[in-house]
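Each chain gets a letter, A, B and so on, in the order the sequences are listed, and its residues count up from 1.
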2 protein chains.
Amino acid sequence: MHQPRKQARQARSRVTQTAIIEATARLLESQGRNGLTTNAIAERAGVSVGSLYQYFPNKEAILATLIRDKRQKLLKGMQQAVLDTQDASPADAVEALIRAGMMHQYERPTLAFEVEYIEQRLELADETAALAEEMAQWVLATVRRLQPSAGLQEARDVVAITKGLINAAAMAGEPDGNALFARARRAVLGYLSQMPET
Amino acid sequence: MHQPRKQARQARSRVTQTAIIEATARLLESQGRNGLTTNAIAERAGVSVGSLYQYFPNKEAILATLIRDKRQKLLKGMQQAVLDTQDASPADAVEALIRAGMMHQYERPTLAFEVEYIEQRLELADETAALAEEMAQWVLATVRRLQPSAGLQEARDVVAITKGLINAAAMAGEPDGNALFARARRAVLGYLSQMPET
DNA sequence: GTCTATATTTCGATAGAC
DNA sequence: GTCTATCGAAATATAGAC
């Protein structure tokens, strides 16, 4: 007889927590880190500051949670893309990977840009590096199907190239995701085709 | 008899101004936008806050000057690279351009990263876009020598790809500029070699 | 558990002495 | 022209009522 109540409480609790995170994301998108105050977050989330501090010990914790959430989604998306294309052609597999990375970043490009900045200046540098390495491993597995001489560095570069293109497009306000995808595809395939003979 | 004194005064004045800008740059590199207070800047520059406010009306003006300075240097460097390679081979010309962009960004990568972020959230967006377009024009002129079917979009992409690679290297603390250059070169040439037939 | 009110700190900017 | 001292605004976080 106690479980239901507890679950309900936990569910409500989770909803509030998510609302706070989403409010933070929206504020970051609209005004960057400047107007990002705990009061503003609470207001936007529809709760009071007092309540906010019951869910998070401080502002950094909110940002850290937001970042971890985004990271997990990205990693899952890329893993899924790799698994989904195990029977597809190497070129299709690489394309799926680019698409997964683009999805994540292009869906909310401003937020992605802000998050990337904050990651650097929060005490999450180690976690960030660890995730980057895990991502690179998945990318590498796929890229190798197309270009067997590729190494971890090339996998990292594929990610960096894609990120660079998406960021630029986002800042320029480029609306056409399909055109962007076509160019990202060309950049990645072009890069891989230029591998030095070993 | 008055000119020398006036010049001396102006020279001293310029020295102080430069010290303030450089102090800002160093603080940005070491702690990002967080600890970047006017008091901290003044202290690091070896002057008092009162003096600082004689040279700049507010904090934003300091950042705007820093950004404009960096931009001018980058543009000059790229223009110089283009002019220097007018008689060289197309491939060498493109390489020189990449090197110029890398120089600028890789020399002080953390600062470049911070500046790029601040640019977005300052009232300099128009200026930033204008400069990006001018840079793209210069890049385009060179890129066309190698790939005549390239357009402005491809020129922008070349810049974005290079930036993405440099940023990633900077964040990963990669020390070897030469290896990075080799990969940036491969990425750019690879991208251009994949141009769609028109 | 959520709110309002407020204590505390930090920071941008200014005043006024020298 | 430069400094120290300080004001006022904003922001983080907490206290205490309900």
| query | Remaining members of A:Leu140's ILVMFWY cluster at a side-chain heavy-atom cut-off under 4.5 Å? | reply | A:Leu152
| Taking the hydrophobic residues Ile, Leu, Val, Met, Phe, Trp and Tyr, and joining any pair whose side-chain heavy atoms are under 4.5 Å apart, which ones share a cluster with B:Met103? | none
| message | Please list, in numerical order, the residues of residues 22-44 of chain B that have a heavy atom closer than 4.0 Å to any atom of DNA chain D. | response |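 Correct list: empty, so none.
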| task | For DNA chain D, find the residues of residues 46-64 of chain A with a heavy-atom distance under 4.0 Å and give them by number; none if there aren't any. | result |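 Listed by number, they are A:Tyr53, A:Asn58, A:Lys59.
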| request: Search all heavy atoms of B:Gly190 against all heavy atoms of A:Gln194 and return the closest pair with its distance. | output: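 Smallest heavy-atom distance, with atoms named: CA-CG, 3.3 Å.
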| task | Can you run down the salt bridge (charged side-chain N to carboxylate O under 4.0 Å, His left out) pairs that involve residues 89-99 of chain B, sequence neighbours left out, and say none if there aren't any? | result |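 Qualifying pairs, neighbours excluded: B:Glu95-B:Arg185.
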| Inter- and intrachain pairs under salt bridge (charged side-chain N to carboxylate O under 4.0 Å, His left out), touching residues 165-180 of chain B, at least two apart |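 Only B:Glu174-B:Arg183 qualify under salt bridge (charged side-chain N to carboxylate O under 4.0 Å, His left out).
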Let me have the donor-acceptor pairs involving side chains of residues 73-80 of chain B, under 3.5 Å, with sequence neighbours excluded, atom names and distances please.
from: B:Gln80; atom 1: NE2; to: B:Asp84; atom 2: OD1; distance (Å): 3.0

| message | List the residues meeting side-chain hydrogen bond (donor to acceptor under 3.5 Å, both in side chains) with B:Arg33, not counting sequence neighbours, and say none if there are none. | response | none
| With sequence neighbours left out, what residues match B:Glu127 under side-chain contact (heavy atoms from CB on, under 4.5 Å)? | B:Arg68, B:Arg71, B:Leu124
| task | Determine which pairs satisfy ring pair (Phe, Tyr, Trp, His ring centres under 6.0 Å) with at least one residue from residues 98-150 of chain A, sequence neighbours left out, and list them in order. | result |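 Listed by first then second residue: A:Phe113-B:Tyr117, A:Tyr117-B:Phe113, A:Tyr117-B:Tyr117.
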Contacts table for residues 160-170 of chain B: side-chain donor-acceptor under 3.5 angstrom, sequence neighbours left out:
from: B:Thr162; atom 1: OG1; to: B:Val158; atom 2: O; distance (Å): 2.7
from: B:Asn167; atom 1: OD1; to: B:Gln105; atom 2: NE2; distance (Å): 3.4

| At what angle, to 10 degrees, do the two end axes of the helix from C:dG1-D:dC18 to C:dC18-D:dG1 meet, given five pairs define each axis? | 10°
